[in-house]
Each structure stands twice: as C-alpha cells, then as structure tokens.
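Let me give you the structure first, and then I'll get to my questions.
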Protein chains: 2
Amino acid sequence: MRTLGTPEPETAPRTVTIQDVARRAGVSTATVSRAIALPERVAAATREAVFSAIRETGYTPNAAARSLRAKSTKMVLVLLPGIGNSFFTPVLNALEEVFTEGGYGVLIGYTRQSRSRETHYARVIRAGQVDGVLVVTGNVPRDEEFVSVPDTVPVSLMFSEVPGTAQFSVFDVDNRGASADAVRYLISQGHRRIAHIPGAESGLEARERLGGYCDAIREVGFPLDESLIWRGASNFDFASGERAAKDFFALDDKPTAVFAAADEIALGFMRALKNRGVGIPSDVSVIGFDDTEYAVHYDPALTTMRQPRNEMGRLAAQDLLRRMAARDGGIPTSKVRLPCELVVRESVRAVE
Amino acid sequence: MRTLGTPEPETAPRTVTIQDVARRAGVSTATVSRAIALPERVAAATREAVFSAIRETGYTPNAAARSLRAKSTKMVLVLLPGIGNSFFTPVLNALEEVFTEGGYGVLIGYTRQSRSRETHYARVIRAGQVDGVLVVTGNVPRDEEFVSVPDTVPVSLMFSEVPGTAQFSVFDVDNRGASADAVRYLISQGHRRIAHIPGAESGLEARERLGGYCDAIREVGFPLDESLIWRGASNFDFASGERAAKDFFALDDKPTAVFAAADEIALGFMRALKNRGVGIPSDVSVIGFDDTEYAVHYDPALTTMRQPRNEMGRLAAQDLLRRMAARDGGIPTSKVRLPCELVVRESVRAVE
DNA sequence: ATGAAAGCGCTAACAC
DNA sequence: GTGTTAGCGCTTTCAT
C-alpha cells in the first residue's frame with residue numbers, strides 16, 4: 001500500500017517464492033511443495049490454506065529451481081531442417097499440441113544442414129536443457145558430438161532413419177514402396193514412358209523414392225532410361241521442378257507422365273510446362289508426393305501420394321512422452337512405418 | 001578400466017559437474033566458472049589446465065543450475081496462432097536464426113485462439129522460463145493473466161498492435177495504407193467495379209485492410225457497394241476464398257477486379273472461378289496480400305502486396321535481444337512499421 | 001500429516 | 001589471479 005506522501009520505496013518487486021507462500025499459509029515449504037505435487041497427501045484444511053496463499057501471492061514455481069532439483073526440464077527439443085518449405089508446418093503443429101498437453105514445452109532448432117548448428121544443439125542436450133529430442137528431418141544427424149548425447153535422453157527420428165540402430169524410435173513411411181505404388185498407378189493409367197524428378201539425393205528419402213520408381217519400371221519390364229531421370233534437385237522445392245522442366249524440353253522423345261519426389265517439385269515443374277504451353281494433364285500427366293496444403297488448390301489439383309504428417313507427429317510425440325516418463329529406458333524404442341495413400345485428383349489422365 | 005572377471009559396477013554414469021573439472025584441473029570451481037565466462041581474467045596456464053580438464057571430462061555446464069543462479073534462461077518464447085497456414089514459416093525461420101546467433105533458444109507456443117493456452121503460456125513466462133516473449137499473431141493476446149506478466153520480461157508484438165500501450169515493441173506494416181495502394185493499383189489499371197474479400201474480421205489486420213479498400217474506393221468517388229464486400233471469411237485461408245466465389249457468382253453486375261485480404265484467400269477464390277470457366281485475369285483480375293511462397297508459383301502468378309516477413313522477423317528479434325540484454329528496461333520499446341511493396345505478376349490485367 | 005534440513009550445480013561477492 | 005563462501009528456489013528424505 002502506498003501511503004500519501006510516502007515515495008514509493010525503490011524495492012525491486014522481489015519475485016514471490018515458495019517461502020513467501022509457506023510463511024503466509026503458516027506451514028513449511030515442504031508442505032507447500034506437497035500440496036502442489038500431491039494434494040491428496042495433505043490435510044484438506046492445510047491444502048486450502050496453501051492454495052489461498054498461492055492465489056493471494058500470485059505464486060508460480062520457478063522453473064529453473066524445479067529443473068535443477070528434479071533433474072528434468074519438461075522440455076523437448078524438436079530439430080527441423082529449417083530450409084524453406086512448409087512441409088513441416090503441420091508436423092510441428094501436431095507435435096506442439098501433444099507435447100503441450102503432456103506438460104512439455106517445445107524448443108525448436110533448425111539444423112540448416114550445418115555441422116556447427118548440430119553441435120550447438122548437441123550441447124543443448126548435454127546441458128540437460130531438454131528431456132527428449134525429436135529429429136524431424138530427412139538428414140541423418142551427422143554424429144560426432146551427437147553420439148555423446150547421454151543415453152538418458154530419449155531421441156526419436158521422423159521421416160528418416162539411421163540404419164542399424166535401436167537406440168532411436170523411428171516414425172516414417174515406406175518411401176520406396178509408396179513411390180513404386182505411385183508409378184504403378186501411372187502405369188495402370190496406360191503410361192509407358194514415365195520420367196522421375198528425384199529430390200536431393202543426399203537424403204535417404206529421395207534415394208528411396210528413386211528406388212521405388214526403378215522398382216515399378218523394372219517390374220513391368222519397361223527399360224530403365226537414364227534420360228528420364230532428371231537429377232540435380234537442390235531440394236524438395238519449386239526451383240528443382242523448374243530445373244527439371246529444362247530436361248523435359250531438351251528431350252526428343254518426351255514422356256507422357258512424370259513422378260516428382262515431392263509436391264513442390266511437381267508444382268514447379270507443372271508451372272514451367274504450362275508457361276510453355278504444355279497442357280497438364282492433357283499433354284503430360286504429373287504425380288507428386290506428400291500431399292501438402294497446396295496440392296489440392298493448384299490448377300490442376302495435384303494427384304499425389306499422401307504422407308500422414310499429422311498422425312506421424314502425434315504418434316511420435318506420444319511415444320517420446322512415454323519414453324520420457326519412464327526413467328532410464330524402461331520402455332523400448334519403436335519403429336513405426338505408416339502407410340501412404342494415393343490421392344487421385346486432376347493431374348493424371350488415362351492414355352490410349 | 002574393467003578388470004577381467006570383475007563385473008561392471010552398477011554405478012550410474014554420474015553427470016560431470018564443475019566440481020569434477022575443478023578437481024581434475026587442480027583449481028577451485030570459481031576458477032573454472034571464470035575460465036569459461038571471462039577467459040581473459042584467468043592466467044594462461046590455468047586456463048589451459050581448465051580447458052583440458054573440460055575436454056577430458058566432456059563437461060557441459062548444466063543449464064538449470066546456471067539459470068537458477070544467473071536468473072536468466074537464455075530462452076525466448078515465440079507465440080504463434082498455430083492455425084493452419086504457413087505464412088509464419090519464414091518468420092519463425094528468421095527469428096530462430098537471429099535468436100540462436102544471439103545465444104538464445106526458441107521455445108514455441110501455439111495459442112490456437114484458446115484462452116487456456118494463453119494462460120498456460122502466461123504461466124511459462126511467470127515461471128521465469130524465458131527471458132523474453134515475441135507474440136507473432138494477428139490476435140491481440142486476451143489479457144487477464146497476461147497483464148500479470150512481470151515487467152522484467154520484455155514482450156514484443158509482430159503483425160499486430162495493442163493500441164495505446166508503450167510496454168511492447170511493435171513490428172508491423174501499414175495494413176490500411178498498403179491495402180489502399182493495392183486497390184489504387186487496380187484503379188490505375190482501369191478497374192472501376194472492385195470487390196473485396198476481407199479476412200476474419202475479429203482480427204485488427206483484416207479490419208485495417210478492409211479500411212484501406214474503402215479509403216481507396218472513396219477517394220476516387222466510386223460508390224462503396226456493400227454487395228462487393230464478401231464477408232464471412234473464417235480465416236486467411238483457401239476456404240474463405242472459395243466461399244467468396246459463391247458471392248461472386250450470385251452477383252448480376254460482376255466486378256472486374258477483386259482485392260483479397262490474403263494470398264491464400266486469393267488463390268482459393270481464383271481456383272473456384274477457374275473451375276467454373278472464369279478466366280483470370282481475362283475475365284476477372286485478382287490481387288492478394290502477403291506474397292507467400294505460393295503466390296509466384298500459381299497459375300497465373302499472383303499480383304500481390306508483399307510484407308517483408310523475413311526482415312520483420314530479423315528486426316523484431318534483434319530488438320528483443322537488445323532489450324533482454326539491458327537489465328530492467330534500460331532500452332525503450334520501439335514501434336517499427338515497415339513498407340509493403342507491390343509485386344506485379346500476372347493476375348491483374350488492364351481494362352478499357 | 002507435517003517440518004527440518006540437505007543439496008541439486010552453478011555464479012558472484014568478497015577476501016587474500 | 002585465485003579460493004572461500006553463500007546462496008539462487010525448489011524437492012525430498014528422514015524424523016516426528
């Protein structure tokens with residue numbers, strides 16, 4: 001209370017601690033702590049006293065002190081590639097939702113293909129700043145420092161896999177099988193000359209999708225024509241699709257259909273073709289991969305292989321939540337491979 | 001060293017602390033702490049001893065202990081609306097980059113228009129879990145708990161403003177002026193009958209953009225025709241644009257141009273028109289707002305008003321960094337309003 | 001059912 | 001230039 005004429009004392013508004021609450025409620029700090037964590041183990045009257053003291057003081061437990069003592073920060077680190085595309089937006093959404101519900105905060109990190117950023121985040125983990133890690137990227141983390149991450153912190157991988165390790169949970173799709181299915185669909189629509197635009201081949205997913213394309217071509221006995229594989233994608237992005245269009249126009253014997261390793265590649269490719277008067281799907285059919293937001297809104301709406309991004313995010317988060325709750329690897333890691341689903345829209349037509 | 005026949009002792013691999021490093025280097029913990037924080041204030045020989053001890057032990061300072069002691073977590077909270085659209089992806093990218101460079105981690109939170117989520121994050125702030133907050137959303141945070149956020153934590157706003165407060169830094173654009181400019185451009189191309197698809201009018205930005213539309217129409221003396229304002233957007237999304245298409249088709253006297261309050265609205269609208277055989281821009285011109293990634297790749301490429309999202313992110317982060325570094329409001333808040341830029345592409349044609 | 005007390009790992013006065 | 005010491009705010013035995 002400020003008395004008339006009395007200048008406001010320069011007292012810094014000291015943050016209220018558990019001590020203040022204890023004093024006010026006439027109990028010990030231990031009791032306050034208990035009343036918060038295990039209300040049922042405190043007498044009803046005491047509990048009331050504590051809670052009103054909390055309300056009156058506006059007390060909020062200090063996170064750092066709690067973390068220090070409890071050796072748990074209630075935070076997870078979500079590592080994303082962080083280059084451009086918005087493929088990961090719904091994933092991050094799902095993750096944040098599940099983690100927040102589970103009482104965990106989400107610290108994000110963009111690795112940006114940079115070694116120094118990876119070591120930076122490895123340090124974050126070693127500093128005990130997070131209770132778990134979710135690596136959401138096509139790129140297997142380059143290890144070195146990463147291997148020295150304490151085993152006590154559970155780590156999960158999404159959309160890609162480190163072959164031959166059981167220490168991570170993995171949530172991904174069968175990129176190879178789904179890609180083969182996409183190409184098989186093209187074949188079922190009568191296409192025989194089918195091209196492929198791979199993603200950046202440094203990533204496992206892109207290589208798997210290329211593998212699936214080859215599988216499907218080979219199994220029907222079509223020749224595997226290298227001139228129909230338009231490499232050189234820098235990424236899963238529009239620009240890669242536009243670049244591939246050059247390969248298309250350079251070709252004498254043009255394909256009737258194209259399987260792009262990602263929707264954005266497909267969209268960039270389609271745009272480049274339309275600009276030069278090539279009709280889609282009248283002249284060339286196109287199928288993508290991912291089913292991102294824009295696929296359905298493009299003209300023509302893109303036929304594509306859907307990855308269940310939201311579901312994968314939810315499952316991965318729930319698994320990590322479970323593993324974090326179990327002290328010391330009480331719960332084994334899981335490998336979950338979800339099915340993709342062909343979404344037929346307008347960009348593929350039947351020929352013959 | 002494991003001796004033959006001796007079973008591995010069940011010792012938990014105790015995390016290495018500053019104590020271990022001190023012991024190994026033959027110095028006090030204070031010296032280790034100093035060698036890390038202010039290397040120049042420690043004798044070269046000692047410094048070397050400390051650093052090799054650190055290397056040998058693989059020591060990483062514990063974040064919680066440091067935060068508790070230093071009363072600073074080196075983390076910021078970035079609050080996003082978290083509903084669907086990927087408008088914020090590049091913003092988040094820019095923020096993460098600048099904050100990480102500045103030595104801060106980024107905790108994300110999606111408010112999802114939910115009061116309980118806002119109070120949740122208010123609690124995170126009060127728990128001292130972050131040193132600063134960036135509210136990146138068109139929605140002014142509903143206050144209540146929020147006002148009780150301690151003044152010691154600097155808060156900044158992006159893309160929207162709380163009128164009449166100096167306690168936040170604000171980074172936004174002149175939505176009204178830029179919208180008026182967009183409509184003026186349409187007028188300059190000979191359009192006289194111009195419609196508008198507003199965003200969800202609960203948000204300040206959407207109302208400002210609507211205001212700009214009205215300004216531009218009025219200033220040239222055109223009648224302000226309510227039948228040309230197609231309200232009912234649930235959001236800045238495709239669906240809103242598709243819904244607006246119904247209004248378009250229901251109209252006898254059709255407009256020759258449409259100003260959409262966001263690119264995604266514009267794209268949804270265009271798609272719906274094209275589906276019914278209406279040519280863009282041959283029959284109707286469309287202009288958007290934002291210049292998101294897909295604007296340039298659509299067919300026709302969308303003419304739109306660009307918001308400098310990356311730059312706004314960088315500036316906002318830098319400002320917050322500065323304010324967090326200054327103890328106790330040493331640095332005043334700023335109001336930064338960046339210019340938008342008209343990006344002319346293919347979706348508007350000149351008439352007459 | 002509750003309290004006393006120890007201590008999580010670190011930093012920052014303050015001495016020397 | 002370096003060490004001693006006193007906590008930061010909380011949880012958790014261990015008593016009572």
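Per chain, numbering begins at 1; letters A, B, ... match sequence-line order. Just so we're clear, the structure is a prediction, and the values are computed from it rather than from any experiment.
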Using whole Å, report how far CD of Glu40(B) lies from C1' of dT2(D).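 Glu40(B) atom CD is separated from dT2(D) atom C1' by 15 Å.
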Got a donor-acceptor contact below 3.5 angstrom from the Asn310(B) side chain to the Ala94(B) backbone?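 Looks like no, no N/O pair under 3.5 Å.
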List the steps, then state whether side-chain hydrogen bond (donor to acceptor under 3.5 Å, both in side chains) holds for Ser169(B) with Arg323(B). CA-CA 10 Å; Ser169(B) 281; Arg323(B) 292 202 292 142; 3.3 Å; yes
If you find the nucleotide of DNA chain D closest to Ala43(B) and the one closest to Lys71(B), which residue's nucleotide is nearer the 5' end?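 In this pair, the answer is Ala43(B).
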Closer than 3.5 angstrom, by distance alone: can the side chain of Ser52(A) be matched with the main-chain N or O of Glu48(A) as a donor-acceptor pair?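 Between the backbone of Glu48(A) and the side chain of Ser52(A) there is a qualifying donor-acceptor contact (under 3.5 Å).
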Rounded to whole angstrom units, what separation is found between the CD atom of Gln19(A) and the P atom of dC8(D)?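 Interatomic distance, CD of Gln19(A) to P of dC8(D): 9 Å.
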Give a yes/no on whether any side-chain N or O of Ser28(A) is located under 4.0 angstrom from OP1 or OP2 of dG3(C).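 For Ser28(A), the contact criterion (side-chain N or O under 4.0 Å from OP1 or OP2 of dG3(C)) is met.
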Give a yes or no on whether a salt bridge exists between Arg117(A) and Glu101(B), defined as a side-chain N under 4.0 angstrom from a carboxylate O.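 Answer for the salt bridge query: no.
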Whole angstrom is fine here: how far is it from CG in Leu68(B) over to P in dT11(C)?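 After rounding, the reported distance stands at 11 Å.
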Have a look at Ser67(B) and say if it touches a base, only the backbone sugar-phosphate, or nothing, with a 4.0 Å heavy-atom cut-off.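 Since no nucleic acid heavy atom lies under 4.0 Å of Ser67(B), the category is nothing.
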Could you tell me how far apart Asn62(A) (CG) and dG9(C) (C1') are, to the nearest whole angstrom?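 Distance, rounded to whole Å: 14 Å.
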Can a cation-pi geometry be assigned to Arg309(A) and Phe87(A), taking NZ or CZ under 6.0 Å from the six-membered ring centre and within 45° of the ring axis?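 Checked: cation-pi criterion met.
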Separation of dC10(D) P from Asp20(A) CG (nearest whole Å):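 Going from CG in Asp20(A) over to P in dC10(D) covers 9 Å.
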Given protein heavy atoms under 4.0 Å, the one-letter contact record of nucleotides 11-16 of chain D, with B base, S sugar-phosphate only and - none, is simply BBB---
Nearest whole angstrom, please: distance from the C1' of dT2(C) to the CD of Glu48(A).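 These atoms are roughly 17 Å apart.
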Might you point out which heavy atoms bring Ala22(A) and Val32(A) nearest each other, and give the distance in Å?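 That closest heavy-atom pairing would be CA-CG2, 3.7 Å.
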Protein-nucleotide distance (Arg23(A), atom CZ; dG3(C), atom C1'), rounded to Å: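 Value for this atom pair: 15 Å.
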